[in-house]
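Here is the structure we will look at, set down as C-alpha coordinates.
Since the structure is predicted, the reported quantities are computational estimates derived from the model, not experimental observations. Quick note: numbers below take in every heavy atom, side chains included, and nothing from hydrogens, waters or symmetry partners.
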Amino acid sequence: MSAPLQRGESAFSETDMRRLDDTIHSARVASAAPTSALLAPAGPGGRAVPLTERSAVFDHCAVLLFPRTLAAGLAELRRCGFAPLPLTPSTVVRGRLSARHGFDPAESDIHITRLPVRLADGRHHPAVEVFLFPRDSPAFRHDIEDAEVAHDFEAHTAFVMSRPDPAALSELIAAWRGEAGLLWEGGGHNPHEGGPSGATVLYFVRGHAAPAQRRRFELHCAGDLRPFIDRLPYEAEAVDRAYRTWRAFSGVPA
(Lines give C-alpha, C1' and ligand atoms only; values in the text may rest on other atoms or scores of the structure.)
Protein backbone atom coordinates (compact mmCIF):
# COMPACT_ATOMS: atom_id res chain seq x y z
CA MET A 1 0.00 0.00 0.00
CA SER A 2 1.25 3.49 -0.78
CA ALA A 3 2.29 5.87 1.95
CA PRO A 4 -0.31 8.41 3.12
CA LEU A 5 -0.34 11.54 1.00
CA GLN A 6 1.11 14.46 2.95
CA ARG A 7 1.64 18.11 2.08
CA GLY A 8 5.15 18.95 3.33
CA GLU A 9 7.10 20.50 0.46
CA SER A 10 4.71 18.98 -2.06
CA ALA A 11 4.67 19.94 -5.73
CA PHE A 12 0.87 19.72 -5.45
CA SER A 13 -1.67 21.68 -3.47
CA GLU A 14 -3.27 20.07 -0.43
CA THR A 15 -6.51 19.91 -2.39
CA ASP A 16 -4.87 18.04 -5.26
CA MET A 17 -3.30 15.56 -2.85
CA ARG A 18 -6.71 14.89 -1.32
CA ARG A 19 -8.30 14.50 -4.75
CA LEU A 20 -5.63 12.00 -5.73
CA ASP A 21 -6.29 10.02 -2.56
CA ASP A 22 -10.03 10.06 -3.34
CA THR A 23 -9.36 8.80 -6.88
CA ILE A 24 -7.23 5.92 -5.58
CA HIS A 25 -10.08 4.94 -3.27
CA SER A 26 -12.60 5.22 -6.12
CA ALA A 27 -10.48 2.96 -8.35
CA ARG A 28 -10.21 0.31 -5.65
CA VAL A 29 -13.96 0.41 -5.10
CA ALA A 30 -14.69 0.25 -8.84
CA SER A 31 -12.35 -2.68 -9.37
CA ALA A 32 -14.37 -4.76 -6.90
CA ALA A 33 -17.85 -3.47 -7.75
CA PRO A 34 -20.23 -5.33 -10.07
CA THR A 35 -20.80 -3.69 -13.44
CA SER A 36 -24.43 -3.09 -12.47
CA ALA A 37 -23.25 -0.88 -9.59
CA LEU A 38 -20.85 1.11 -11.79
CA LEU A 39 -23.49 1.70 -14.47
CA ALA A 40 -26.38 2.26 -12.04
CA PRO A 41 -29.17 3.11 -12.56
CA ALA A 42 -28.93 0.71 -15.54
CA GLY A 43 -30.61 -2.44 -14.24
CA PRO A 44 -29.09 -5.92 -14.38
CA GLY A 45 -32.17 -7.12 -16.29
CA GLY A 46 -31.33 -5.02 -19.34
CA ARG A 47 -28.62 -5.30 -21.98
CA ALA A 48 -26.14 -2.64 -20.86
CA VAL A 49 -24.67 -4.67 -18.01
CA PRO A 50 -24.22 -8.04 -19.78
CA LEU A 51 -22.90 -6.36 -22.92
CA THR A 52 -20.34 -4.43 -20.86
CA GLU A 53 -19.30 -7.54 -18.96
CA ARG A 54 -18.94 -9.51 -22.21
CA SER A 55 -16.91 -7.01 -24.21
CA ALA A 56 -15.16 -4.63 -21.78
CA VAL A 57 -13.45 -4.63 -18.39
CA PHE A 58 -12.89 -1.93 -15.78
CA ASP A 59 -9.53 -0.28 -16.30
CA HIS A 60 -9.07 2.91 -14.29
CA CYS A 61 -10.37 6.04 -12.60
CA ALA A 62 -8.87 9.42 -13.44
CA VAL A 63 -8.06 12.83 -12.01
CA LEU A 64 -6.57 16.08 -13.34
CA LEU A 65 -3.85 17.58 -11.13
CA PHE A 66 -1.79 20.78 -11.28
CA PRO A 67 1.83 20.21 -10.17
CA ARG A 68 4.37 23.00 -9.93
CA THR A 69 6.25 21.38 -12.84
CA LEU A 70 6.05 17.97 -14.52
CA ALA A 71 9.37 16.91 -13.00
CA ALA A 72 8.38 18.08 -9.52
CA GLY A 73 5.02 16.32 -9.80
CA LEU A 74 6.56 13.01 -10.77
CA ALA A 75 9.16 13.30 -8.03
CA GLU A 76 6.43 13.98 -5.47
CA LEU A 77 4.44 10.95 -6.59
CA ARG A 78 7.52 8.79 -6.17
CA ARG A 79 8.11 10.24 -2.69
CA CYS A 80 4.55 9.16 -1.84
CA GLY A 81 5.45 5.56 -2.68
CA PHE A 82 4.08 5.33 -6.22
CA ALA A 83 5.85 4.14 -9.34
CA PRO A 84 4.41 6.37 -12.11
CA LEU A 85 4.43 4.85 -15.56
CA PRO A 86 6.25 6.77 -18.33
CA LEU A 87 4.57 10.02 -19.36
CA THR A 88 2.65 10.25 -22.62
CA PRO A 89 1.42 13.52 -24.14
CA SER A 90 -2.30 14.12 -23.78
CA THR A 91 -4.11 14.75 -27.05
CA VAL A 92 -7.81 14.44 -26.31
CA VAL A 93 -7.87 15.96 -22.81
CA ARG A 94 -5.67 18.83 -23.94
CA GLY A 95 -8.23 19.52 -26.67
CA ARG A 96 -11.13 19.34 -24.21
CA LEU A 97 -9.47 21.75 -21.80
CA SER A 98 -8.51 24.22 -24.52
CA ALA A 99 -12.08 24.23 -25.84
CA ARG A 100 -13.49 24.69 -22.36
CA HIS A 101 -11.14 27.47 -21.27
CA GLY A 102 -10.13 29.15 -24.51
CA PHE A 103 -6.39 28.65 -24.77
CA ASP A 104 -4.11 27.50 -27.56
CA PRO A 105 -3.52 23.73 -27.15
CA ALA A 106 0.03 24.20 -28.41
CA GLU A 107 0.75 26.29 -25.31
CA SER A 108 -0.26 23.59 -22.84
CA ASP A 109 2.02 20.85 -21.62
CA ILE A 110 -0.52 18.30 -20.42
CA HIS A 111 0.72 14.75 -19.96
CA ILE A 112 -0.69 11.46 -18.72
CA THR A 113 0.77 8.95 -16.30
CA ARG A 114 -0.65 5.88 -14.62
CA LEU A 115 -0.16 4.85 -11.01
CA PRO A 116 -0.14 1.11 -10.26
CA VAL A 117 -2.08 0.42 -7.05
CA ARG A 118 -3.03 -2.70 -5.14
CA LEU A 119 -6.66 -3.57 -5.87
CA ALA A 120 -9.16 -5.46 -3.75
CA ASP A 121 -8.51 -8.73 -5.58
CA GLY A 122 -4.77 -8.49 -4.95
CA ARG A 123 -3.80 -7.34 -8.45
CA HIS A 124 -1.22 -4.59 -8.84
CA HIS A 125 -2.79 -2.64 -11.70
CA PRO A 126 -2.29 0.91 -13.12
CA ALA A 127 -5.85 1.73 -12.16
CA VAL A 128 -5.29 5.45 -11.47
CA GLU A 129 -4.85 7.74 -14.46
CA VAL A 130 -3.38 11.15 -13.68
CA PHE A 131 -3.49 14.09 -16.07
CA LEU A 132 -0.76 16.56 -15.20
CA PHE A 133 -1.24 20.21 -16.18
CA PRO A 134 1.87 21.94 -14.77
CA ARG A 135 1.66 25.47 -13.47
CA ASP A 136 4.71 26.50 -15.49
CA SER A 137 2.86 25.72 -18.73
CA PRO A 138 2.26 28.91 -20.78
CA ALA A 139 -1.47 28.11 -20.94
CA PHE A 140 -1.89 27.66 -17.18
CA ARG A 141 -4.23 30.10 -15.42
CA HIS A 142 -5.49 30.04 -11.86
CA ASP A 143 -9.11 30.33 -13.00
CA ILE A 144 -8.66 27.13 -15.03
CA GLU A 145 -7.35 25.32 -11.97
CA ASP A 146 -10.15 26.68 -9.79
CA ALA A 147 -12.87 25.57 -12.22
CA GLU A 148 -11.42 22.11 -12.83
CA VAL A 149 -10.85 21.44 -9.13
CA ALA A 150 -14.35 22.65 -8.26
CA HIS A 151 -16.15 20.56 -10.88
CA ASP A 152 -13.77 17.65 -11.62
CA PHE A 153 -14.80 17.63 -15.27
CA GLU A 154 -12.02 15.20 -16.25
CA ALA A 155 -12.75 12.67 -13.50
CA HIS A 156 -14.10 9.44 -14.98
CA THR A 157 -14.43 5.68 -14.74
CA ALA A 158 -12.91 3.87 -17.70
CA PHE A 159 -13.47 0.53 -19.35
CA VAL A 160 -11.21 -0.97 -21.97
CA MET A 161 -12.31 -2.93 -25.03
CA SER A 162 -9.25 -4.78 -26.30
CA ARG A 163 -10.91 -6.15 -29.44
CA PRO A 164 -13.27 -3.40 -30.63
CA ASP A 165 -15.40 -5.20 -33.19
CA PRO A 166 -17.55 -2.47 -34.84
CA ALA A 167 -20.80 -4.42 -34.42
CA ALA A 168 -20.17 -5.17 -30.75
CA LEU A 169 -19.04 -1.58 -30.14
CA SER A 170 -22.19 -0.20 -31.77
CA GLU A 171 -24.35 -2.50 -29.65
CA LEU A 172 -22.59 -1.53 -26.45
CA ILE A 173 -22.81 2.20 -27.16
CA ALA A 174 -26.53 1.90 -27.93
CA ALA A 175 -27.11 0.16 -24.58
CA TRP A 176 -25.06 2.74 -22.68
CA ARG A 177 -26.95 5.60 -24.30
CA GLY A 178 -30.32 3.94 -23.80
CA GLU A 179 -30.52 2.07 -20.51
CA ALA A 180 -27.58 3.65 -18.70
CA GLY A 181 -28.63 7.21 -19.60
CA LEU A 182 -25.19 8.11 -20.94
CA LEU A 183 -24.70 10.80 -23.56
CA TRP A 184 -22.00 10.54 -26.23
CA GLU A 185 -19.81 13.62 -25.77
CA GLY A 186 -17.12 13.01 -28.32
CA GLY A 187 -13.80 11.28 -28.38
CA GLY A 188 -10.56 11.11 -30.21
CA HIS A 189 -7.45 9.22 -31.16
CA ASN A 190 -4.21 9.40 -29.19
CA PRO A 191 -1.29 8.04 -31.23
CA HIS A 192 0.89 8.02 -28.09
CA GLU A 193 -1.19 5.42 -26.22
CA GLY A 194 -1.67 1.74 -26.90
CA GLY A 195 0.17 -0.07 -29.67
CA PRO A 196 1.49 1.06 -33.06
CA SER A 197 -1.96 2.28 -34.12
CA GLY A 198 -2.54 4.21 -30.89
CA ALA A 199 -5.82 4.13 -29.02
CA THR A 200 -9.27 5.64 -29.49
CA VAL A 201 -11.09 7.06 -26.48
CA LEU A 202 -14.86 7.50 -26.42
CA TYR A 203 -16.36 9.87 -23.84
CA PHE A 204 -19.77 9.63 -22.18
CA VAL A 205 -21.46 11.81 -19.57
CA ARG A 206 -24.56 10.86 -17.60
CA GLY A 207 -27.54 12.94 -18.58
CA HIS A 208 -29.11 12.88 -15.12
CA ALA A 209 -27.31 11.74 -11.99
CA ALA A 210 -27.43 12.04 -8.25
CA PRO A 211 -24.27 13.54 -6.73
CA ALA A 212 -23.04 10.12 -5.54
CA GLN A 213 -23.33 8.44 -8.95
CA ARG A 214 -20.45 8.11 -11.37
CA ARG A 215 -20.95 10.83 -13.96
CA ARG A 216 -18.39 10.33 -16.70
CA PHE A 217 -17.26 7.17 -18.42
CA GLU A 218 -14.63 6.40 -20.98
CA LEU A 219 -14.33 3.48 -23.33
CA HIS A 220 -10.77 2.83 -24.50
CA CYS A 221 -10.34 0.88 -27.71
CA ALA A 222 -7.14 -0.27 -29.39
CA GLY A 223 -6.44 1.28 -32.78
CA ASP A 224 -7.63 4.29 -34.74
CA LEU A 225 -11.43 4.32 -34.82
CA ARG A 226 -11.94 7.93 -35.89
CA PRO A 227 -14.06 6.98 -38.94
CA PHE A 228 -16.38 5.09 -36.56
CA ILE A 229 -16.71 7.80 -33.92
CA ASP A 230 -17.18 10.51 -36.55
CA ARG A 231 -20.47 8.81 -37.46
CA LEU A 232 -21.86 8.86 -33.92
CA PRO A 233 -24.57 11.49 -33.36
CA TYR A 234 -23.49 14.17 -30.89
CA GLU A 235 -26.31 15.55 -28.74
CA ALA A 236 -24.80 18.95 -28.05
CA GLU A 237 -27.81 20.45 -26.26
CA ALA A 238 -28.27 17.45 -23.96
CA VAL A 239 -24.54 17.31 -23.16
CA ASP A 240 -24.49 21.03 -22.33
CA ARG A 241 -27.51 20.55 -20.08
CA ALA A 242 -25.79 17.64 -18.30
CA TYR A 243 -22.74 19.80 -17.55
CA ARG A 244 -24.91 22.66 -16.31
CA THR A 245 -26.56 20.21 -13.91
CA TRP A 246 -23.13 18.99 -12.82
CA ARG A 247 -22.08 22.55 -12.01
CA ALA A 248 -25.27 23.08 -10.02
CA PHE A 249 -24.61 19.94 -7.95
CA SER A 250 -21.11 21.13 -7.09
CA GLY A 251 -22.49 24.35 -5.63
CA VAL A 252 -19.60 26.30 -7.15
CA PRO A 253 -20.10 28.70 -10.08
CA ALA A 254 -18.45 27.71 -13.36
Side-chain angles (χ1 to χ4, degrees), residues 1-31 59-119 124-158 190 192-193 199 201 215-216 218 220 250 252-254:
M1 180 178 293
S2 61
L5 300 178
Q6 298 177 353
R7 173 63 170 145
E9 296 299 320
S10 175
F12 298 99
S13 69
E14 291 181 1
T15 299
D16 268 2
M17 298 293 262
R18 184 176 64 251
R19 292 168 62 238
L20 176 57
D21 216 12
D22 290 345
T23 305
I24 294 167
H25 174 72
S26 182
R28 287 176 172 145
V29 169
S31 71
D59 189 62
H60 66 263
C61 292
V63 65
L64 170 66
L65 302 179
F66 298 87
R68 187 171 64 250
T69 66
L70 279 176
L74 289 174
E76 181 65 22
L77 292 172
R78 294 187 185 102
R79 279 196 296 271
C80 289
F82 299 106
L85 298 187
L87 290 175
T88 57
S90 168
T91 299
V92 181
V93 170
R94 183 177 60 185
R96 283 169 53 85
L97 285 166
S98 65
R100 191 151 59 234
H101 299 289
F103 60 78
D104 182 352
E107 294 186 350
S108 62
D109 189 25
I110 303 170
H111 281 68
I112 306 167
T113 187
R114 291 284 198 97
L115 303 182
V117 296
R118 184 73 64 185
L119 300 180
H124 204 58
H125 178 69
V128 177
E129 183 176 62
V130 181
F131 303 110
L132 296 170
F133 190 166
R135 294 164 183 252
D136 64 347
S137 173
F140 174 82
R141 303 193 314 261
H142 289 288
D143 63 296
I144 295 176
E145 180 182 16
D146 291 344
E148 294 298 324
V149 168
H151 304 297
D152 260 339
F153 289 130
E154 294 306 320
H156 61 257
T157 300
N190 191 340
H192 307 289
E193 289 190 280
V201 186
R215 291 185 167 277
R216 287 193 65 244
E218 286 186 4
H220 286 239
S250 75
V252 181

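Between Ala30 and Cys61, the shortest heavy-atom distance links the atoms CB-SG, 4.2 Å. When all heavy atoms of Pro67 and Gly73 are compared, the pair lying nearest together is CB-CA, 3.7 Å. Between Val63 and Thr23, the closest heavy-atom pair is CB-OG1, 3.3 Å.
Atom CD of Glu154 sits about 4.0 Å away from atom CZ of Arg96, to the nearest 0.5 Å. Interatomic distance, OG of Ser90 versus NE2 of His111, reported as 9.0 Å (0.5 Å rounding). A distance of 4.5 Å separates CG of Leu77 from CZ of Phe12, quoted to the nearest 0.5 Å. Residue Thr69 holds its OG1 atom at 11.0 Å from CD of Glu76, rounded to the nearest 0.5 Å.
Every residue meeting the side-chain hydrogen bond (donor to acceptor under 3.5 Å, both in side chains) condition with Asp143, not counting sequence neighbours, appears here in chain and number order: Arg141. Evaluation of the side-chain hydrogen bond (donor to acceptor under 3.5 Å, both in side chains) rule for His192 yields no partner, not counting sequence neighbours. Taking the ring pair (Phe, Tyr, Trp, His ring centres under 6.0 Å) definition, one finds that His142 meets it with Phe140, sequence neighbours left out. For Asp152, the salt bridge (charged side-chain N to carboxylate O under 4.0 Å, His left out) partners at least two apart in sequence or on another chain are Arg19. Contacts of Ser26 classified as side-chain hydrogen bond (donor to acceptor under 3.5 Å, both in side chains), with partners at least two apart in sequence or in another chain: Arg214.
Ionic pairing of Glu107 and Arg94 is not present here: no N-O contact between side-chain nitrogen and carboxylate oxygen is shorter than 4.0 angstrom.
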Pair Val201-Val93, side chain to side chain contact (heavy atoms under 4.5 Å, CB included): steps then yes or no: CA-CA 10 Å; Val201 186; Val93 170; over 6 Å; no

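Residues Asp146 and Ile144 are not in side-chain contact: their nearest non-hydrogen atoms beyond the backbone lie 4.5 Å or more apart. With contacts defined as side-chain heavy-atom distances shorter than 4.5 Å, the pair Leu119/Val117 qualifies. Between Phe103 and Leu97, some side-chain heavy-atom pair lies under the 4.5 Å cut-off. Met17 has its side chain within reach of Cys80: a pair of non-hydrogen atoms, C-beta onward, lies under 4.5 Å apart. The side-chain heavy atoms of Arg68 and Asp136, taken from C-beta on, include no pair separated by under 4.5 Å. Looking at heavy atoms from C-beta onward, His125 lies in side-chain contact with Asp59 at the 4.5 angstrom threshold.
Arg114 contributes a side-chain N or O that, together with a main-chain N or O of Pro126, makes up a donor-acceptor pair within less than 3.5 Å. One N or O on the side chain of Thr113 and one on the backbone of Leu85 form a donor-acceptor pair closer than 3.5 Å. The closest donor-acceptor contact from the side chain of Ser137 to the backbone of Asp109 lies under 3.5 Å.
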Contacts under 3.5 angstrom, residues 127-135 side chains, donor-acceptor by atom type, not counting sequence neighbours:
unit_1	atom_1	unit_2	atom_2	d
Glu129	OE1	His60	NE2	3.0
Glu129	OE1	His156	NE2	3.3
Arg135	NE	Phe66	O	3.1
Arg135	NH2	Glu145	OE1	3.4
Arg135	NH2	Glu145	OE2	2.6

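Checking each of Val92, Asn190, Thr91 against Ile112 for a side-chain contact (heavy atoms from CB on, under 4.5 Å) leaves exactly one that passes, namely Asn190.
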